[in-house]
*Asks:* 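The structure that follows is given in the form of structure tokens.
Since this is a predicted model, take the numbers as computed values, not measurements.
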Amino acid sequence: QVQLVESGGGLVQAGGSLRLSCAASGRTFSGYAMGWFRQAPGKEREFVATISWSGGNTYYTDSVKGRFTISRDNAKNTVYLQMNSLKPEDTAVYYCATSQGFAATMNRYDYRHWGQGTQVTVSS
């Protein structure tokens, strides 16, 4: 049974920073790509960032490029999302997910296991 537990969300003013963490357990973490997605009220879940199994490849949605950084520590079975210069439109529940393969992917249907989510609220 794979378990993903996100943490690090909270309330922050526009322009501030947060660092999300996602701890994985239950299977080999290092062999699979990981991703971050978010869902705002009344909207569909959308892709934010992904990282390959080795950490060598990363991709971001256009709206967060230059502000967010995804990284992973395979020794700690943890993936991170550093979020800087936050904007009110970044407000959402953020989910981490583990892919079924090793390559970074932006397609939500390539992800098999999901965490419970962590709320990020950015005030203006």
*Asks:* Checking Thr50 side chain against Thr105 main chain: does a donor-acceptor pair fall under 3.5 Å?
*Replies:*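 Present.
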*Asks:* Could you walk me through whether Lys65 and Asp62 pass salt bridge (charged side-chain N to carboxylate O under 4.0 Å, His left out), step by step?
*Replies:* CA-CA 5 Å; Lys65 284 180 181 177; Asp62 286 346; 3.0 Å; yes
*Asks:* Hey, any chance Met106 and Val48 share a hydrophobic cluster, counting ILVMFWY side chains that come within less than 4.5 Å of each other, even indirectly?
*Replies:* no
*Asks:* Would you mind reporting whether Arg108 and Arg45 have side-chain heavy atoms less than 4.5 Å apart?
*Replies:*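 Side-chain contact under 4.5 Å: yes.
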*Asks:* Under the side-chain contact (heavy atoms from CB on, under 4.5 Å) criterion, do Gln82 and Ser71 qualify, and how do the steps go?
*Replies:* CA-CA 8 Å; Gln82 177 67 44; Ser71 61; over 6 Å; no
*Asks:* Could you state the interatomic distance from SG (Cys96) to NE2 (His113), rounded to the nearest 0.5 Å?
*Replies:* 12.0 Å
*Asks:* Where do Glu46 and Arg38 land on the side-chain contact (heavy atoms from CB on, under 4.5 Å) test, with the steps shown first?
*Replies:* CA-CA 5 Å; Glu46 65 171 355; Arg38 65 187 180 187; 2.6 Å; yes
*Asks:* Assigning hydrophobic clusters by single linkage (Ile, Leu, Val, Met, Phe, Trp, Tyr; side-chain heavy-atom cutoff under 4.5 Å), is Met34 placed with Trp53?
*Replies:* no
*Asks:* Distance check, rounded to the nearest 0.5 Å: Ser17 atom OG versus Asn84 atom CG?
*Replies:* 3.5 Å
*Asks:* Shortest non-hydrogen contact from Leu4 to Ala24?
*Replies:*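 Of all heavy-atom pairs spanning Leu4 and Ala24, the closest is CD2-CB, 3.4 Å.
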*Asks:* Are any side-chain N or O atoms of Glu6 and backbone N or O atoms of Ser21, one a donor and one an acceptor, separated by less than 3.5 Å?
*Replies:*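 Between the backbone of Ser21 and the side chain of Glu6 there is no qualifying donor-acceptor contact (under 3.5 Å).
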*Asks:* Let's go through Val64 and Trp36 carefully: what are the C-alpha distance in whole Å and the side-chain angles of both, what is the deciding distance for side-chain contact (heavy atoms from CB on, under 4.5 Å) to 0.1 Å, and is it a yes or a no?
*Replies:* CA-CA 12 Å; Val64 309; Trp36 285 97; over 6 Å; no
*Asks:* Is it the case that over 12 heavy atoms from other parts of the model lie below 6.0 angstrom from the CD atom of Gln3?
*Replies:*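 Incorrect, the count does not exceed 12.
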*Asks:* How would you list all residue pairs meeting disulfide bond (SG atoms under 2.5 Å apart) that involve residues 33-70, not counting sequence neighbours?
*Replies:* none
*Asks:* Starting at CG of Leu86, measure out to CZ of Phe68 and round the result to the nearest 0.5 Å.
*Replies:* 5.0 Å
*Asks:* Ignoring hydrogens, what is the shortest heavy-atom contact between Ala103 and Ala33? Give both atom names and the distance.
*Replies:*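 Shortest heavy-atom contact: O-CB, 3.2 Å.
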*Asks:* Heavy atoms only: give me the nearest Gln39-Lys43 pair and the separation to one decimal.
*Replies:* NE2-O, 3.1 Å
*Asks:* Should Tyr80 and Val93 be counted in the same cluster of Ile, Leu, Val, Met, Phe, Trp and Tyr side chains packed under 4.5 Å apart?
*Replies:* no
*Asks:* Counting N and O atoms only, with roles assigned by atom type, does the side chain of Tyr60 sit under 3.5 Å from a partner on the main chain of Ile70, one being a donor and the other an acceptor?
*Replies:* yes
*Asks:* Side chains of Glu89 and Thr91: is there a donor and an acceptor less than 3.5 Å apart?
*Replies:*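 No pair is found: no donor N or O on one side chain lies under 3.5 Å from an acceptor on the other.
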*Asks:* Under a 3.5 Å cutoff, is there a donor and acceptor pairing between the side chains of Asp73 and Thr78?
*Replies:*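 No, no side-chain donor-acceptor contact under 3.5 Å.
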*Asks:* Which is it for Ser52 and Tyr32 under the side chain to side chain donor-acceptor pair (under 3.5 Å) test, yes or no, and what are the steps along the way?
*Replies:* CA-CA 7 Å; Ser52 62; Tyr32 299 91; over 6 Å; no
*Asks:* Excluding sequence neighbours, so at least two apart, what forms ring-ring contact (aromatic ring centres under 6.0 Å, His included) with Tyr59?
*Replies:*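 Applying ring-ring contact (aromatic ring centres under 6.0 Å, His included) to Tyr59 gives none.
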*Asks:* Quick check: is Val122 connected to Leu81 through a chain of hydrophobic side chains (ILVMFWY, heavy atoms under 4.5 Å apart)?
*Replies:*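 Same cluster: Leu81 reaches Val122 through Ile, Leu, Val, Met, Phe, Trp or Tyr contacts under 4.5 Å.
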*Asks:* So, taking the atom named CG in Asn74 and the one named NZ in Lys76, what distance separates them when rounded to the nearest 0.5 Å?
*Replies:* 12.0 Å
*Asks:* When you measure from the side chain of Thr118 to the backbone N and O of Gly9, does any donor-acceptor pair fall under 3.5 Å?
*Replies:*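 Such a contact is found between Thr118 side chain and Gly9 backbone.
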*Asks:* List the steps and the verdict of side-chain contact (heavy atoms from CB on, under 4.5 Å) for Arg67 and Asp90.
*Replies:* CA-CA 11 Å; Arg67 300 189 297 122; Asp90 294 318; 2.8 Å; yes
*Asks:* Using ring-ring contact (aromatic ring centres under 6.0 Å, His included) as the criterion, point out the one residue from Tyr95, Phe47, Tyr109, Tyr94 that pairs with Phe37.
*Replies:*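 Of Tyr95, Phe47, Tyr109, Tyr94, ring-ring contact (aromatic ring centres under 6.0 Å, His included) with Phe37 is met by Phe47 alone.
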